[in-house]
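To keep things clear, I will list the structure first and then write my remarks on it.
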Amino acid sequence: MSDLQAKLTERDRELEIYMRFLALIDQKSAALRVPYGEVWRTRRVDERIVKILKANFFLLLYNLVEASVRDGFRNLYSAMRADGSTVRAIKEELRLLWIDAAVDKLTPQTANQDSYREVTRRLVKGAVDDVAASLRIEDLRFGGNLDAASIRRTCQEHGVSFKTHPRARGGEKLRLVRDRRNDLAHGSLSFAECGRDYTLPQLVEIRRETLVFVRGILRNVERYAAKKTFRSA
């Protein structure tokens with residue numbers, strides 16, 4: 001198993017432990033033994049706690065997805081550096097990303113004719129001198145909006161295949177994961193409101209399909225890096 005796949009497996013183990021606990025308390029008769037001084041007492045699990053924990057599942061799963069995708073492209077950029085890739089030696093898609101990264105550093109406060117002229121000069125000089133094609137993982141800005149469509153777009157921008165196993169169903173569940181994550185992060189839904197709408201089997205299925213999709217994407221990125229497909233033909 002590759003380092004990328006091993007890290008994904010480790011993150012998924014954390015989620016599995018969480019869901020096992022959730023399964024234990026997601027029943028009407030569930031109770032917890034809690035210490036009160038020298039004695040232990042049994043307290044029924046408040047159903048609101050279960051709803052809150054179900055909602056928190058979406059935060060954990062989204063974090064797993066974004067961290068894993070970043071790891072994949074970080075691995076690709078490291079492979080390019082190790083290969084000594086220069087601007088003229090890489091595929092056109094990657095050259096465009098190199099250009100975009102330089103332009104994106106301009107802000108509304110600094111964007112003017114002089115600043116654009118300076119960026120253009122540096123880019124032209126870099127291309128003429130055939131400098132190292134340095135891409136940074138910090139330039140991949142997902143901003144909490146990572147779903148299957150944006151992952152496919154990122155792959156396409158790098159020239160990486162985005163085909164995955166049919167069991168991933170195209171990563172369709174990722175839009176739901178992203179939306180619920182953003183609802184919770186922005187306060188559009190309370191945790192209890194979010195969690196009440198999902199059963200544990202539904203969460204299990206969301207996790208399963210998402211993991212199949214992410215594993216497939218990581219395999220594609222690994223293959224791309226290992227075969228040095230980032231080099232221009």
Side-chain angles (χ1 to χ4, degrees), residues 2-5 7-8 62 64-108 110-111 115-166 168-175 177-178 210-233:
S2 70
D3 289 342
L4 277 178
Q5 297 290 345
K7 285 184 74 173
L8 176 58
Y62 181 87
L64 176 150
V65 173
E66 183 165 324
S68 298
V69 172
R70 285 189 183 278
D71 281 347
F73 285 96
R74 184 181 290 110
N75 181 69
L76 169 58
Y77 296 166
S78 295
M80 291 171 61
R81 283 194 297 273
D83 188 59
S85 297
T86 61
V87 172
R88 278 184 279 174
I90 59 175
K91 298 179 75 168
E92 182 179 358
E93 295 97 320
L94 297 170
R95 283 198 293 271
L96 292 176
L97 288 175
W98 177 72
I99 293 170
D100 289 345
V103 175
D104 287 346
K105 287 183 175 62
L106 295 174
T107 66
T110 62
S115 61
Y116 277 114
R117 183 183 294 114
E118 178 59 27
V119 169
T120 302
R121 285 173 175 169
R122 282 191 279 111
L123 289 171
V124 171
K125 186 177 187 305
V128 170
D129 294 343
D130 202 20
V131 299
S134 178
L135 295 176
R136 305 183 317 148
I137 195 63
E138 292 78 13
D139 294 325
L140 282 181
R141 299 170 186 160
F142 299 125
N145 287 307
L146 199 64
D147 61 5
S150 58
I151 291 173
R152 283 192 288 268
R153 184 167 58 250
T154 300
C155 287
Q156 190 171 29
E157 290 171 347
H158 288 76
V160 175
S161 168
F162 47 79
K163 291 183 179 179
T164 55
H165 196 282
R169 301 174 66 88
E172 64 178 21
K173 292 289 195 300
L174 269 173
R175 176 176 291 185
V177 175
R178 180 205 65 186
T210 299
L211 263 291
V212 174
F213 180 80
V214 174
R215 283 198 186 281
I217 293 296
L218 291 186
R219 275 193 291 269
N220 294 342
V221 176
E222 286 176 306
R223 233 177 263 124
Y224 184 89
K227 293 182 178 180
K228 300 185 177 181
T229 316
F230 49 78
R231 291 174 174 174
S232 60

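Note that the structure is a prediction, hence the values are computed from the model and not measured. All values below were derived from every heavy atom in this structure, side-chain atoms included, with hydrogens, water molecules and symmetry-related copies excluded. Counting from 1, the numbers follow the sequence of the chain as shown.
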Under 3.5 Å, is there a donor-acceptor pair between the side chain of Arg95 and the main chain of Ile90?
yes

With sequence neighbours excluded, tell me which residues meet ring-ring contact (aromatic ring centres under 6.0 Å, His included) with Phe73.
His158

Kindly compute the distance separating CE (Met80) from CH2 (Trp98), expressed to the nearest 0.5 Å.
11.5 Å

With a 4.5 Å cut-off on side-chain heavy atoms, are Leu135 and Phe230 touching?
no

Taken to the nearest 0.5 Å, the spacing of Thr229 OG1 from Arg223 CZ works out to 10.0 Å

Taking the side chain as every heavy atom from C-beta outward, state whether Ile217 and Thr164 have any atom pair closer than 4.5 Å.
yes

With distance as the sole test, does Asn220 use its side chain to make a donor-acceptor pair with the main-chain N or O of Val160 at under 3.5 Å?
no

Contact check, side chains of Val65 and Ile151, non-hydrogen atoms, under 4.5 Å
yes

Stepwise side chain to side chain contact (heavy atoms under 4.5 Å, CB included) check, Arg215 with Leu218
CA-CA 5 Å; Arg215 283 198 186 281; Leu218 291 186; 5.8 Å; no

Partner residues of Arg70 under the salt bridge (Lys or Arg N to Asp or Glu O under 4.0 Å) criterion, sequence neighbours left out:
Glu66

Over 12 non-hydrogen atoms of neighbours within 6.0 angstrom of CD in Glu92:
no

With sequence neighbours left out, what residues match Glu93 under salt bridge (Lys or Arg N to Asp or Glu O under 4.0 Å)?
none

Start with the C-alpha gap between Asp139 and Tyr77, add the side-chain angles, then the distance that decides, and say whether side chain to side chain contact (heavy atoms under 4.5 Å, CB included) holds.
CA-CA 12 Å; Asp139 294 325; Tyr77 296 166; over 6 Å; no

Given Asp71, which partner from the list Val221, Leu8, Leu4, Leu76 fulfils the side chain to side chain contact (heavy atoms under 4.5 Å, CB included) test?
Leu4

Separation between OG of Ser150 and CD of Glu157, rounded to the nearest 0.5 Å:
10.0 Å

Listed once per pair and sorted, the salt bridge (charged side-chain N to carboxylate O under 4.0 Å, His left out) pairs that draw on residues 143-154, sequence neighbours left out
Asp147-Arg178

Please list, chain by chain and in numerical order, all residues satisfying side chain to side chain donor-acceptor pair (under 3.5 Å) with Glu172, sequence neighbours excluded.
Arg169

Holding to side chain to side chain donor-acceptor pair (under 3.5 Å), I want the full list of residues that pass it with Ser78, two or more places apart in sequence or in another chain.
Arg81

Kindly compute the distance separating CG (Leu211) from CG (Leu64), expressed to the nearest 0.5 Å.
6.0 Å

Leu174 backbone acceptor or donor facing Tyr62 side chain under 3.5 Å
no

Residues Gln156 and Phe162: closest non-hydrogen pair is CB-CE2, 4.3 Å

Least distance between heavy atoms, Gly171 atom then Ala148 atom:
O-CB, 3.4 Å

